Q: 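I have a structure I would like to understand better, so I am pasting it below and will then ask my questions one at a time.
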Amino acid sequence: GESVGLHLPTLSVQEGDNSIINCAYSNSASDYFIWYKQESGKGPQFIIDIRSNMDKRQGQRVTVLLNKTVKHLSLQIAATQPGDSAVYFCAENPSGGYQKVTFGTGTKLQVIP
Amino acid sequence: GAVVSQHPSRVICKSGTSVKIECRSLDFQATTMFWYRQFPKQSLMLMATSNEGSKATYEQGVEKDKFLINHASLTLSTLTVASAHPEDSSFYICSALRAGGRPNEQFFGPGTRLTVL
């Protein structure tokens with residue numbers, strides 16, 4: 001079946017360095033991809049999304065890259081801070097409408113002070 | 001803006017009792033709310049989609065008679081776990097889509113930790 005998954009379950013990064021979190025997806029029909037951040041004991045927080053007709057989108061300190069050829073999605077965090085420590089999930093929305101999203105398995109980002 | 005609350009944040013109950021969890025959008029109207037459950041160190045699994053004024057749409061494998069969802073207003077959805085058992089222990093999270101907002105921007109509640117003894 002269709003699935004969204006992550007390459008790395010845990011990522012340790014030195015404070016100040018850039019972080020790259022990767023995600024592979026299999027549903028080539030997905031129209032939107034979203035990144036969420038979940039801190040321990042809290043609900044997920046929307047970070048950024050990208051539509052399938054784009055290959056790059058930038059936000060504040062974050063950049064999402066989409067490679068449709070290899071069905072790969074990545075989240076880049078610039079100048080990683082201790083507050084960035086969390087679990088990051090990629091998710092896909094098949095049509096971009098007001099429908100459910102499918103979450104990937106998550107990557108835990110640990111920032112080393 | 002766009003704050004979603006859940007109540008209670010934590011509940012411990014005996015096996016066989018029913019538990020109600022509330023999800024409220026505090027400063028916006030939510031035509032659609034979603035209910036997820038999350039086991040430790042795992043991803044969020046969608047249980048059901050709740051639309052205001054209509055019956056919820058449940059995901060495959062989710063028992064609608066056990067997980068009762070009511071979306072009575074544009075700011076409130078409730079999940080009732082009927083006759084809870086230890087295997088129902090989990091982290092339950094709701095999210096809400098703001099009416100007229102971005103289709104992908106779900107606002108999540110802080111979650112409810114359910115422990116069934």
Side-chain angles (χ1 to χ4, degrees), chain A residues 1-10 21 23-25 30-54 57 59 64 66 73 75 86-110, chain B residues 1-7 9-10 21 23-25 29-52 54 56-62 90-114:
Chain A
E2 303 293 357
S3 65
V4 178
L6 294 178
H7 293 304
L8 299 173
T10 306
I21 301 171
C23 176
Y25 66 93
S30 289
D31 192 29
Y32 273 96
F33 301 89
I34 311 113
W35 281 101
Y36 291 95
K37 171 186 180 183
Q38 186 179 26
E39 298 177 7
S40 181
K42 297 182 179 179
Q45 178 184 1
F46 174 94
I47 301 174
I48 192 169
D49 63 0
I50 187 169
R51 196 166 183 179
S52 60
N53 62 355
M54 302 170 65
R57 189 157 186 247
V64 55
L66 176 63
L73 187 71
L75 177 70
V87 177
Y88 290 80
F89 293 96
C90 64
E92 60 176 342
N93 181 323
S95 70
Y98 291 90
Q99 296 183 11
K100 61 185 180 182
V101 296
T102 301
F103 279 79
T105 55
T107 292
K108 183 176 182 180
L109 176 64
Q110 295 178 320
Chain B
V3 177
V4 176
S5 70
Q6 282 184 239
H7 178 80
S9 59
R10 186 181 297 268
I21 302 170
C23 177
R24 293 182 184 273
S25 56
Q29 293 184 332
T31 52
T32 302
M33 288 183 171
F34 301 92
W35 286 96
Y36 298 83
R37 64 188 299 182
Q38 185 179 32
F39 292 107
K41 297 184 179 181
Q42 294 189 23
S43 188
L44 281 76
M45 298 299 296
L46 180 67
M47 299 175 67
T49 302
S50 170
N51 292 296
E52 187 266 338
S54 62
T57 301
Y58 290 82
E59 293 300 299
Q60 190 174 9
V62 178
S90 188
F91 193 50
Y92 291 87
I93 306 172
C94 71
S95 71
L97 284 175
R98 181 166 48 186
R102 294 167 59 91
N104 294 307
E105 196 167 9
Q106 293 186 30
F107 298 96
F108 285 83
T112 296
R113 176 76 60 193
L114 171 63

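The model shown is predicted, which means the values in this text are computed figures rather than measured ones. We name chains A, B, ... by the order of the sequence lines, and we start the count at 1 in each one.
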Q: Taking all atoms of both residues into account, what is the closest heavy-atom pair of B:Val4 and B:Ala96, and its distance?
A: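 So the two residues come closest at CG2-CB, 4.0 Å.
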Q: If I compare all heavy atoms of A:Ser52 with all of A:Phe33, which pair ends up nearest, and what's the gap?
A: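 It is CB-CE1, 4.5 Å.
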Q: If I compare all heavy atoms of B:Ala48 with all of B:Tyr58, which pair ends up nearest, and what's the gap?
A: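 It is CB-CD2, 3.8 Å.
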Q: Report yes or no: do B:Gln29 and B:Glu52 form a side-chain donor-acceptor pair below 3.5 Å?
A: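 On atom types as modelled, these side chains do not qualify, holding no pair under 3.5 Å.
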Q: A:Gln38 versus chain B, heavy atoms under 4.5 Å apart: side chain, backbone, both or neither?
A: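 The side chain, not the backbone.
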Q: If you count heavy-atom pairs within less than 4.5 Å of chain A, which of B:Thr57, B:Leu46, B:Leu44 leads?
A: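 Greatest number of close heavy-atom pairs with chain A: B:Leu44.
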Q: Please classify the contact of B:Gln6 with chain A as side chain, backbone, both or neither, using a heavy-atom distance under 4.5 Å.
A: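 It is neither, since no heavy atom gets under 4.5 Å.
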